[in-house]
Amino acid sequence: MTRYNAGATEAKWQKVWAENKTFEVTEDRAKPKYYVLEMFPYPSGKIHMGHVRNYTQGDVVARYKRAKGFNVLHPMGWDAFGMPAENAAMENNVHPAKWTYENIDHMKNQLKSIGFSFDWSRELATCDPEYYGKEQAMFIDFMEAGLVYRKESWVNWDPVDNTVLANEQVIDGKGWRSGAPVERKKLSQWFLKITEAADDLDKELDNLPRWPEKVRVMQKNWIGKSKGMHITFDAVENDKKIRVYTTRHDTIFGASFIAIAADHPIAAEYAENSEELQAFIEECRQLGTSEEALEKAVKKGFKLDLQMQHPFRDDCKLPVYVANFVLMEYGTGAVFGCPAHDQRDLDFARKYDLNVIPVVIPKGEDAATFEVGDVANTDPGVLGNSDFLDGMSVEDAKAKIIELGEAGGFGEATINYRLRDWGVSRQRYWGAPIPMIYCDDCGVVPVPKEDLPVTLPDDITFDKPGNPLDHHPSWKHVDCPNCGKPAVRETDTFDTFIDSSWYFARFACPNTDAPLDKELTDYWMPVDQYVGGIEHAILHLLYSRFFTRAMKEIGLCDVKEPFDGLFTQGMVCHETYQDEKGDWVLPEEVEKKDDGTVVSRVTGESIKSGRSVKMSKSKKNVVDPTSIIDTYGADTARWFMLSDSPPERDLEWTEEGVEGAWRFTQRLWRTVTTMLDADAANIEEPSDFSKQAKELRRMTHISIGSIGKDIENFHFNASVAQTYKFANAIAAFKSDGSDGDRFALYEAIKSIILLTSPMMPHLAEEMWTMIGGEGLVSDATWPVVREELTQQSSVTVVVQVQGKLRDKLDVEKDMDKETLEKLALASDKVQSFIEGKEIRKIIVVPNKIVNIVV
RNA sequence: GCGCUCGUGGUGAAAUUGGUAAACACAGCAGACUUAAAAUCUGCCGCCCUCACGGGCUUGCCGGUUCAAGUCCGGCCGAGCGCACCA
């Protein structure tokens, strides 16, 4: 018996697919379209197991949908801009472009060796001027549409690397790369007005039923829509005004102070004449933003010589504090403090000995005697100590205050968002240049469209800290397109999240001169099934949703939601190993002995195995896909990725599991090669079948139905389990040589080849030629379930007494209730449990169960 | 602190959405084949009592709804994830 030679077979079919352009698609309007997309990789050097899992899942869906008659777009590209290329340049003295393109080359070959059904003709790399030039053009159009502005703002500044860091690049108050404490710095930056879309981005989450609930919730929280009101307080002694944002306007009678942020304009005004206040403001700015820093931070305030008038109580003057817990970036940068019902305000009030007036009185308490200790009261209740609001519900009180505020001109209902505008400037070389020119006379001038793309210069150096574009001797010097005088280019580049915010649309029309071809984009978009990691739940997905809206606004497409269906796959994990020194050890360097101990293959010393965590270079618990594919073949790797663990859950990579998957590919191959009776292809369906043939056909058609359904629902592990059952049934079949048996066996073999083809495409192609299948299995249609063949003439009905299983009855299907009841009561086993007892009730569910209650 | 998700054998897990808990696989045990090993094949495999037949228990814990609960409801415990001085 020859073994299935995965290596040679897989290479053969990959070549056939490439030569036939099997997976290249055009806009075939005779078929429904289906766009399957996996999040494109950053070309870091090598494909890792996480990629393999991600793309295998998408590939199963893509191949399945093709077989179901859809016109499937399944593209792949490279998220190729970013800091690692610059880091490599600095560390290894290699140009970022060279490093990136070499990585792409290598990784593309790796992906090809796994047999994914990508349409490579649409491949794109975001670092290609062909791509980022279109991005620059769109940015200029966005600017004309009023979606872009430039403003000075506070940024996270890394003093060692001399660059801005995104919020997510600040870890515990330190730069993620340099480890230096991050400073706050004011810098002019380009912004995209994502906040203008905040309401729509929030609202439309409710219309994305094919997204995981978890991701929708995370986005909702990130957008952070809150309904409240603005109230403007007037100063007692002068004409200053402070506008606050609050969601608890019902507690206005509990107000005992006003607090403003350190960066609030009024704070700055008072600081002019107070060194003490200047010092306090500086202290607030130094305050870390890390979790521990906030936990430890004491509420602190600096009292100003300023009092504000309470809008409803003439006798009440509210002191004003500059406080370290008020954020300038949220709301108006000012709040009124109501200590009784807000923990922060309470902490502050206790420290500075301010009034604590309870105004929402819990049920059963009396307004005159109810007191708040060290814990603010946030329980529901009715208003008290609140003059005309007394006795009202919280909701009614809020409405009343809004009504009075609007009537009196000192307040209005408002909606606030946590989401801020998207700062897209980065002081980096390896990104798309922001296409703007600064002219002393004309100001900011967009680069004329005919001059795009603004390409990166090749001759750059990384010997100085900071942005190489800024250091370049000539690149930034340019004549003003407006007046022709010497001017300078913007040397900042785009945040790389911009690159990944529209690539999915570009795949629809990768060769168009304009950023997008509207007709083609509208044909393919939205992505019907997007597959990627949960780590992109907020940023990438939110930015993409915004970008698609912006593209619609400037007329590039008609869709506004880019991803109709989203699936977030789990991580690939592996046990961790440490040697006696505590250094991490690669899985391939350890050996497990029969007695359970683990030793190093290299040094022989004993190794401590630790818990299974996400594969990562730092813990060295990685398995290289290439070595797995060389040893077992791509189909085995794909099959293992899909078995056992549900795709959304973490997958534990084990040697035993891969071995098991490999054994199955061999067993399936063996079953098909030894049992195949190719001549049976010509037998016409007989009218009569043996009992075992009927059973095999039942298994065949149940499998066709359930494997397809499980793929559609992303229950690949269930598809795999059903395939095992089906394969076991085929292997156990002993044909008696009759036409019926031969027909049933051939039907089963043909079906299992088709059913496994999305998961193990190479093996399926090979077996397909053996059974004389027409063309490629990749082009074959999914088999059709014949429902009548899945039916059984008899069913097992369970008999329970008091809800406990006592007997099973093999009866004819659809037997009526009376007969079932009679049969159940006649059972000896049942009788022994009901003997001498009064039967109170009998529940009969036909084809399922009889429950006797005594 | 707020929010979300998840707790089922030695392990990964399944359970038609309230109707036979543990399918399928991994590991393990026993046997066949083999000079031997690998590969392959056959059988066993939740826990407890029993030679066996059989019985009892079992889906993190406690309670509830129901003829019937892994599934629904309430409370608790544990694990993971997200956000977090957001007014």
Side-chain angles (χ1 to χ4, degrees), chain A residues 1 3 212-222 224-226 228 244-249 251 259 261 287 289-291 293-295 297-299 323-327 329-338 341-345 347-348 378 416-420 534-535 537-538 612 640 643-646 648-652 654-661 663-664 666-667 670 702 705-706 709-710 715 717-728 731 796-808 829 832 840-845 847-854:
Chain A
M1 178 84 264
R3 264 197 189 178
E213 174 74 19
K214 184 186 168 82
V215 175
R216 290 197 306 239
V217 167
M218 281 165 71
Q219 292 218 350
K220 274 220 178 256
N221 291 342
W222 187 265
K225 180 175 179 174
S226 83
V244 306
Y245 173 72
T246 178
T247 55
R248 292 303 305 273
H249 25 301
T251 65
L287 192 69
T289 46
S290 71
E291 195 175 331
L294 292 178
E295 206 108 298
V298 185
K299 307 280 169 286
N324 64 354
F325 64 87
V326 181
L327 306 172
E329 302 83 39
Y330 187 77
T332 59
V335 299
F336 79 73
C338 177
H341 304 292
D342 182 285
Q343 191 59 46
R344 258 177 348 211
D345 295 348
D347 294 346
F348 192 78
T378 51
N416 201 40
Y417 300 92
R418 208 186 74 98
L419 185 69
R420 323 239 170 96
I534 187 81
E535 67 273 19
I538 295 171
S612 180
F640 173 64
S643 335
D644 293 351
S645 285
E648 70 277 10
R649 237 180 270 182
D650 287 352
L651 170 100
E652 160 118 28
T654 61
E655 194 66 20
E656 294 85 357
V658 184
E659 292 272 353
R663 279 199 300 268
F664 179 70
Q666 293 294 337
R667 192 159 82 234
R670 225 171 24 242
I702 285 175
S706 76
K709 206 174 104 246
D710 286 333
H715 295 160
N717 54 324
S719 306
V720 167
Q722 183 62 38
T723 307
Y724 273 112
K725 278 192 218 174
F726 189 18
N728 291 345
T796 304
V797 169
V798 168
V799 186
Q800 297 182 331
V801 178
Q802 299 291 76
K804 286 199 171 160
L805 175 71
R806 294 304 175 193
D807 201 4
K808 294 176 186 179
K829 289 177 185 165
S832 67
R840 295 222 310 261
K841 202 173 176 183
I842 301 182
I843 291 99
V844 184
V845 182
N847 296 331
K848 289 228 165 112
I849 203 162
V850 178
N851 192 6
I852 301 166
V853 188
V854 291

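Since the structure is predicted, the reported quantities are computational estimates derived from the model, not experimental observations.
Which of rC4(B), rA87(B), rA84(B) sits closest to the side chain of Arg418(A) comes down to rA84(B). Checking rC81(B), rA87(B), rG82(B) against every side-chain atom of Met218(A), the shortest atom distance belongs to rG82(B). Distance from the side chain of Ser226(A) is smallest to rA87(B) among rA87(B), rC24(B), rC83(B). If you check rG3(B), rA84(B), rG19(B) against the side chain of Val217(A), the one that comes closest is rG3(B).
Residues satisfying the ring pair (Phe, Tyr, Trp, His ring centres under 6.0 Å) test with Phe640(A), not counting sequence neighbours, are Trp653(A). Under the rule for a salt bridge (Lys or Arg N to Asp or Glu O under 4.0 Å), the partners of Asp342(A) that lie at least two apart in sequence or sit in another chain are Arg344(A).
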Might you list the N or O atoms of the protein lying below 3.5 Å from N or O atoms in nucleotides 27-30 of chain B, with each pair's distance?
from	atom 1	to	atom 2	distance (Å)
rA27(B)	OP2	Arg663(A)	NH2	3.3

Tabulate protein N/O versus nucleotide N/O from nucleotides 11-15 of chain B, keeping only pairs under 3.5 Å, one per line.
from	atom 1	to	atom 2	distance (Å)
rG12(B)	O2'	Ser645(A)	OG	3.1
rG12(B)	N2	Asp644(A)	OD1	2.8
rA14(B)	OP1	Asn717(A)	ND2	3.1

Give each protein N/O atom lying under 3.5 Å from an N/O atom of nucleotides 41-47 of chain B, with the pair distance.
none

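Applying the 90° criterion around 0 to the glycosidic angle, rG9(B) comes out syn.
The OH atom of Tyr330(A) lies 9.0 Å from the CZ atom of Arg418(A); values are rounded to the nearest 0.5 Å.
Under the Watson-Crick and G-U wobble criteria, each requiring two contacts below 3.5 Å, nucleotide rG78(B) is paired to rC6(B). When both pairing distances are held under 3.5 Å, rG1(B) makes a Watson-Crick or G-U pair with rC83(B). Pair check for rC67(B) finds rG19(B); Watson-Crick or G-U wobble, both atom distances under 3.5 Å. The partner of rA38(B), taking Watson-Crick or G-U wobble pairs whose two distances both stay under 3.5 Å, does not exist in any strand shown. The base-pairing partner of rA27(B), taking Watson-Crick or G-U wobble contacts with both distances under 3.5 Å, does not exist among the strands shown.
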With B for base contact, S for sugar-phosphate-only contact and - for none (protein heavy atoms under 4.0 Å), nucleotides 60-70 of chain B reads -------BS--
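Residue contacts shown for Asn416(A) are absent, as no nucleic acid heavy atom lies under 4.0 Å away.
In the model, Tyr245(A) has a side-chain atom that pairs as donor or acceptor with a side-chain atom of Ser226(A) under 3.5 Å.
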